[in-house]
Amino acid sequence: MMSDDNYERSIPLSLVLPKSEHELTRISSSIEQLNRIKTESPITTESAENILQVIPLNEVFTNSDDPDININENHCVKVSAYTPPINSQISTESSVPKLKNYFTINSRLFYGLILLIGIIYSIIIISLAVILSRKIASLTNVCPQITYCPMDNSYIVICDILNGTCKCYDPNDNLFGCFSQRYYQQGCYREHECSSKYNLMCNLNMYQCDCISRYYYNGTICLPLSSYGQNCSTIHNYCDSSLNLTCINNQCTCNTNITFWNNHLCETYRSVNSPCDPYSTITSGCKAPLICDNTTYSCQCSSSSSSYFDGTVCLSYGSYLKPCYNSSFCLPSTLLQCVYGVCQCDDYSYWSGNYCLSPKIVQLNVSCTDQSACEYDYGLKCVNNICSCELNSYWTSGNYCDTQATFGERCQNKNCTTCSQCVSYTNLYCSNSTNVCTCPQNYFWDGFVCQQQRLFQSFCGVDDTWCRNDLGLKCLNYLCSCAVCSTCFWDGIRCRDCPTSWQIVNATNATRSRVYCYNRVNSYLDWTHSSLACLNVTSFFGPTSHLVYIDDNQELSNVATFATSSYYDIFIGHKYSSNTSQWFLGNGTVSPTMQFCASVPTSFTTDQCARILIGSTCITNIMCSTWTSRFVCELD
């Protein structure tokens with residue numbers, strides 16, 4: 001049996017070479033069947049000969065000029081090398097299997113390819129190992145702790161201070177080598193990826209290389225920003241802004257309106273109480289008009305004990321009762337506080353003239369110098385430099401001021417002399433009998449104060465209390481009038497009731513208006529009986545008539561005229577007491593001064609009574625019980 005390879009490689013030419021075109025077609029079909037059978041089962045020479053008819057090759061290729069036909073000495077030809085004639089009409093279906101056989105890879109070629117691929121992979125691995133070993137070898141340089149591994153723009157390396165050798169910044173990079181450093185505005189995502197040689201750092205906000213702090217990029221390298229006093233340009237302002245520098249007149253300097261150079265940076269001018277150096281050779285740094293105080297080493301006004309800084313200028317501290325914004329505006333060391341926009345002492349102290357003093361005065365009638373010196377909680381107030389109770393209050397036995405009572409309220413001072421328990425400005429007083437604040441006699445309470453009662457024809461309010469009731473007045477149509485009876489009249493002093501049998505006499509040419517009610521009696525009686533006769537006359541006001549009283553010379557003239565010239569004399573109600581050498585009225589009161597007739601003595605040894613001599617219009621004396629005369633009665 002032939003092997004598959006030998007069978008595929010050489011078949012006897014007598015089996016395959018055609019003798020004619022028809023035979024060629026038949027042979028091709030047989031080869032196709034042979035290939036199909038080969039894939040299904042082994043083929044032997046005997047089986048092939050049963051399928052194909054043996055065809056002599058010498059007849060087919062005797063006259064062949066095809067150089068590809070290679071007939072060996074065994075008269076065999078390689079099927080895979082055979083090419084049918086160009087003009088042969090072999091169907092497509094029969095030619096496709098021949099092309100597949102033409103590209104078939106044998107086992108020797110397959111193993112050769114595998115060997116070639118293995119060699120190539122080996123070369124690549126060896127090359128990577130060589131490169132990695134060289135990179136790792138470059139990291140084994142020993143570095144002291146105080147030095148930094150060279151950063152030559154090729155790799156990012158640092159010094160491992162634990163073992164003293166150079167290594168990659170990121171340990172994960174050690175396997176394949178350190179990354180190359182980046183340049184300005186190139187991408188990065190770790191700190192040391194940017195070239196330190198060019199003063200670059202990785203801006204992790206933008207993930208790109210940027211100049212380190214306080215450096216600027218000049219197009220090639222990052223350079224330090226200009227410091228104080230260095231040159232600059234307004235076009236390219238490279239002054240260090242972190243020092244608050246600005247370019248003025250082509251020089252980096254401070255904005256002198258708001259900042260000053262403190263040997264380190266431009267600092268904002270210092271405000272009040274800020275620390276400063278009074279011995280600085282440059283500037284104290286205090287904001288004008290502040291100066292550096294060499295005692296407190298802080299910025300203060302020039303007269304710090306008497307002035308303060310309001311944020312713009314130095315102003316004088318506010319003294320007592322001066323306006324302020326807060327307590328710092330008031331004089332220091334005086335305990336003054338700013339209360340309601342005014343410098344004043346607190347509630348428990350008072351202004352002594354130089355500072356607030358405590359405690360306040362709590363006693364009545366103690367001298368004081370300020371309104372706040374007296375304790376307000378005790379009701380005291382400084383009045384005329386004396387601690388006194390406030391208006392409408394009084395000092396109690398409990399050593400405090402209490403509010404005074406008003407009309408109708410009870411008061412405790414039964415022996416009231418100053419009436420301090422009742423509201424003083426109202427004219428009230430504390431009645432000893434009722435212990436109630438009431439108005440004095442001939443006064444009335446109008447709801448606010450005690451007013452004097454009104455006289456005849458004066459305005460009155462809602463009731464009769466406004467009028468002098470003791471004079472017989474009542475309030476009628478808002479006027480005080482003699483309205484108690486229809487026959488009552490005002491005599492200039494009081495209301496009187498003149499009986500119908502009596503006569504009303506109006507005083508003429510009087511210094512004051514008077515109206516009298518007289519009754520002329522023609523009976524002759526002595527002075528004592530005349531007085532008793534006048535008492536029998538009654539009126540609305542009761543038995544209040546009497547022998548006429550002569551109040552003054554005007555009334556003397558009026559009575560004389562009333563008596564008429566037909567009377568020689570009349571009795572009047574005046575009596576002399578020899579015990580006291582004094583004239584009295586019939587009611588016991590002292591007699592007014594009378595106009596006596598000429599040669600009438602001024603004193604007598606016995607009791608005497610008085611009479612009017614009508615013709616002389618003067619007064620003389622007479623014995624009370626031995627002389628009789630007519631008389632004139634007067635209504636009280």
Side-chain angles (χ1 to χ4, degrees), residues 244 246 248 253-363 365-388 390-391:
N244 299 324
T246 185
I248 301 177
T253 185
C254 300
N255 185 347
T256 55
N257 292 329
I258 57 176
T259 59
F260 71 97
W261 182 250
N262 65 3
N263 277 339
H264 301 287
L265 51 81
C266 292
E267 179 186 349
T268 304
Y269 282 111
R270 298 166 185 171
S271 186
V272 65
N273 295 325
S274 297
C276 60
D277 183 6
Y279 305 105
S280 174
T281 57
I282 302 176
T283 178
S284 65
C286 296
K287 181 179 181 180
L290 299 175
I291 62 171
C292 189
D293 188 87
N294 58 6
T295 303
T296 62
Y297 287 82
S298 61
C299 296
Q300 301 292 338
C301 292
S302 57
S303 300
S304 58
S305 60
S306 60
S307 60
Y308 65 92
F309 186 65
D310 72 341
T312 304
V313 296
C314 288
L315 300 175
S316 298
Y317 281 114
S319 185
Y320 182 63
L321 296 182
K322 296 298 181 181
C324 58
Y325 294 103
N326 54 57
S327 297
S328 64
F329 288 67
C330 302
L331 274 172
S333 304
T334 59
L335 300 180
L336 286 173
Q337 298 179 359
C338 188
V339 181
Y340 301 113
V342 176
C343 292
Q344 53 186 305
C345 300
D346 61 24
D347 294 338
Y348 304 100
S349 59
Y350 66 94
W351 183 246
S352 65
N354 297 315
Y355 52 88
C356 293
L357 186 64
S358 61
K360 293 184 176 182
I361 301 172
V362 294
Q363 292 297 325
N365 296 328
V366 177
S367 61
C368 54
T369 57
D370 184 75
Q371 290 289 340
S372 62
C374 305
E375 181 56 71
Y376 180 79
D377 291 343
Y378 282 68
L380 292 171
K381 184 178 181 180
C382 188
V383 180
N384 298 326
N385 295 330
I386 297 294
C387 284
S388 308
E390 290 192 282
L391 184 66

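The structure displayed is predicted, hence computed values, not measured ones.
Contact between L321 and V342 at its shortest, heavy atoms only, is CA-CG1, 3.3 Å.
Distance check, rounded to the nearest 0.5 Å: OG of S280 to CG of N263 gives 7.0 Å. Atom CG of D277 and atom CG of N262 lie 11.5 Å apart (nearest 0.5 Å). Annotation: the span from C324 atom SG to Q344 atom CD amounts to 8.0 Å, rounded to 0.5 Å. In this structure, OG1 on T369 lies 6.5 Å from OH on Y350, to the nearest 0.5 angstrom. With values rounded to the nearest 0.5 angstrom, C338 atom SG is found 14.0 Å from K322 atom NZ. Rounding to the nearest 0.5 Å places SG of C301 at 8.0 Å from CG of L315.
Among L336, T334, D346, the one residue that satisfies the side chain to side chain contact (heavy atoms under 4.5 Å, CB included) test with C356 is L336.
Considering only heavy atoms from C-beta on, Y279 comes within 4.5 Å of N294 through its side chain. The closest side-chain heavy-atom distance from S319 to L331 is below 4.5 Å. Side-chain contact between F260 and C254 is absent, with no heavy atoms from C-beta onward closer than 4.5 Å. The side-chain heavy atoms of Y320 and C343, taken from C-beta on, include no pair separated by under 4.5 Å. Using a 4.5 Å cut-off on side-chain heavy atoms (C-beta onward), Y378 and I361 make no contact. Taking 4.5 Å as the limit, some side-chain heavy atom of L290 sits within range of a side-chain heavy atom of C314. The shortest side-chain heavy-atom distance between Q337 and S327 falls under the 4.5 Å cut-off. Looking only at side-chain heavy atoms (C-beta outward), P278 and Y297 come within less than 4.5 Å of each other.
The backbone N or O of T256 sits less than 3.5 Å from a side-chain atom of Y269, completing a donor-acceptor pair. D370 places a side-chain N or O within 3.5 Å of a backbone atom of S372 that can act as its donor or acceptor partner.
A distance below 2.5 Å between sulfur gamma atoms is met by C368 and C382. Remark: SG of C292 is not found under 2.5 Å from SG of C299.
More than 12 heavy atoms of other residues, nucleotides or ligands lie within 6.0 Å of OH in Y317, so this atom counts as buried by the packing criterion. Atom CG of N326 sits in a crowded spot, with more than 12 heavy atoms from other residues, nucleotides or ligands closer than 6.0 Å. Sparse packing is recorded around NZ of K381, with 12 or fewer heavy atoms of other residues, nucleotides or ligands lying under 6.0 Å away. Heavy atoms from other residues, nucleotides or ligands lying under 6.0 Å from CG of D347 number 12 at most.
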Are Q300 and N273 close enough, and set up right, to give a side chain to side chain contact (heavy atoms under 4.5 Å, CB included), and what steps lead you there?
CA-CA 6 Å; Q300 301 292 338; N273 295 325; 2.8 Å; yes
Checking I291 against C286 for the side chain to side chain contact (heavy atoms under 4.5 Å, CB included) test, could you report, in this order, the C-alpha distance in whole Å, the side-chain angles of both residues, the deciding distance, and whether it holds?
CA-CA 6 Å; I291 62 171; C286 296; 6.0 Å; no
